[in-house]
Structure formats: C-alpha cells, structure tokens
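Take this structure, written in structure tokens, and hold onto it; I'll ask about it next.
Numbers here simply count residues along the sequence, with the first being 1. Hydrogens, waters and symmetry mates are skipped; everything else that's a heavy atom, side chains included, is used.
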Amino acid sequence: MSLESVRQFFAEHAPEITIIEMPESTATVELAARAHGVTAGQIAKTLSLKVKNEIVLIVTRGDARLDNRKLKAVLGAKARMLSVDEVINWTGHPVGGVCPFGLENPLRVYCDVSLRGFEEVLPAAGAVHSAVRISPQRMAELTAAKWVDVCEQV
C-alpha cells in the first residue's frame, strides 16, 4: 500500500517523476547507493522523529549524521527516533522505504541543507526497493519542507 500511496502522490503532484523499482533491496543507504550507482551522499534518507508531542520527518544526505545540539536548537526540544511500529503507523511506509511523499498522516517535513550539494538525490518511494530521482529543491517544494541545518559537517 505504501508504494501505491507514493505512486498516487506523484500522479497528482508531479506526474513527470517516475518511481524506480529495483529487483534488490535498497533499504539501507549503502544498498541504495550501490543499486543506483551513486554516492552514499546522494541517497536522501528520511528520519522519523518525535519532538515533544509532534512527529516530524528530517530528510538528510545519506552519509550525514544528525547533530543533536543543532536539532534541539531548530526544533526547540530533544528529539527521539520512532520505533519501527511508530514509523509504519505515522508515515504508512516501512523502515527502509520511508520518504516524505504519500504519507499516512500529514507530517511536518524538514530538509537538511546538506542536500543542496547535489543536483539530484534519491529518496525512497514507500518501499524497500523503490526510489525516485529528484532535485533537492523540487523535493522540498513538493513536500512543503523547511530548510534547516541539523547535521554534522560531512
């Protein structure tokens, strides 16, 4: 169902974007980078976090790590990663296929400025074997994301 919700999202909002389905799993940054022939940084990983009583998504470059101090300054409180069940319940996507498109619930999306170093990134597309090729700016526009600086320097 998750892949279908992403497919529906792009049909409605960006029909020119094609979902890429791979025969092998692309559930980790390393697997996705290898499968798509790109650097780990070009994989746009989506992190699901709880901050106070709000669930938010942070999209970062694949080889970046969150900087907890920066994250707390931007979000106003300490954040925690969601459990596998929480991720599925809130996003509708399985871990390894989480993306900011076709979400089960409306969630606030943030894109880390580290993504701007690439002309094109590959976020998942709702399944552990799917992705899309998209510019970071277009991804932010489609998801009404706010640009933030919450990662350690790569």
| request: Nearest 0.5 Å please: distance from the CD1 atom of Ile43 over to the OG1 atom of Thr26. | output: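 Ile43 atom CD1 to Thr26 atom OG1 measures 8.0 Å (nearest 0.5 Å).
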| task | State which residues pass side-chain hydrogen bond (donor to acceptor under 3.5 Å, both in side chains) with Arg65; sequence neighbours excluded, sorted by chain then number. | result | none
| task | Could you check if a side-chain atom of Ile58 sits within less than 4.5 angstrom of a side-chain atom of Leu71, using non-hydrogen atoms only? | result |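 Side chain of Ile58 against side chain of Leu71, heavy atoms only: contact under 4.5 Å found.
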| said: Quick check: do Val150 and Tyr110 have side-chain heavy atoms less than 4.5 Å from each other? | reply: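 No, side chains not in contact.
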| message | Looking at Arg80 and Glu86, is any side-chain nitrogen of the basic one under 4.0 Å from a carboxylate oxygen of the acidic one? | response |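 Salt bridge: yes.
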| field | Met22 side, atom CE; Leu31 side, atom CG - distance, nearest 0.5 Å | value | 10.5 Å
| request: Compare all side-chain heavy atoms of Ile134 with those of Glu120 and state whether any distance is below 4.5 angstrom. | output: no
| query | Going from NZ on Lys72 to CG on Asp67, what distance comes out if it is rounded to the nearest 0.5 angstrom? | reply | 12.5 Å
| Would you say the side chain of Trp147 lies within less than 4.5 Å of the side chain of Pro136, judging by non-hydrogen atoms? | yes
| query | Given side chains that start at C-beta, do those of Ile55 and Leu82 come closer than 4.5 Å, heavy atoms only? | reply |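 Answer yes - side chains close enough.
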| query | Do Gln42 and Arg61 come close enough that some side-chain heavy atom pair is under 4.5 Å? | reply | no
| request: Tell me, yes or no, whether the heavy-atom count around Arg7 atom CZ, taken from other residues, nucleotides or ligands under 6.0 Å, exceeds 12. | output: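 Atom CZ in Arg7 is crowded, with more than 12 foreign heavy atoms closer than 6.0 Å.
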| Minimum-distance pair of heavy atoms, taken over all atoms of Ala35 and Glu24 |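 In terms of heavy atoms, the two residues are closest at CB-OE2, 3.2 Å.
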| Do the side chains of Val56 and Leu107 get nearer than 4.5 Å, heavy atoms only? | no
| field | By salt bridge (Lys or Arg N to Asp or Glu O under 4.0 Å) - contacts of Lys146 (at least two apart) | value |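 Applying salt bridge (Lys or Arg N to Asp or Glu O under 4.0 Å) to Lys146 gives none.
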| field | Side chain proximity check, Phe10 to Glu16, heavy atoms < 4.5 angstrom | value | no
| request: To the nearest 0.5 angstrom, please state how far the CG atom of Asp63 sits from the NZ atom of Lys45. | output: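 If we round to the nearest 0.5 Å, Asp63:CG and Lys45:NZ are 7.5 Å apart.
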| Just how far is it from atom CG of Leu75 to atom NZ of Lys70, taken to the nearest 0.5 Å? | 13.0 Å
| side chain to side chain donor-acceptor pair (under 3.5 Å) between Ser114 and Asp112, intermediate numbers included | CA-CA 5 Å; Ser114 64; Asp112 186 74; 2.6 Å; yes
| said: Quick check for you: to the nearest 0.5 Å, what is the distance between Thr143 atom OG1 and Leu103 atom CG? | reply: 9.0 Å
| For Glu12, does the CD atom have more than 12 heavy-atom neighbours from other residues, nucleotides or ligands under 6.0 Å away? |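 Yes, enclosed.
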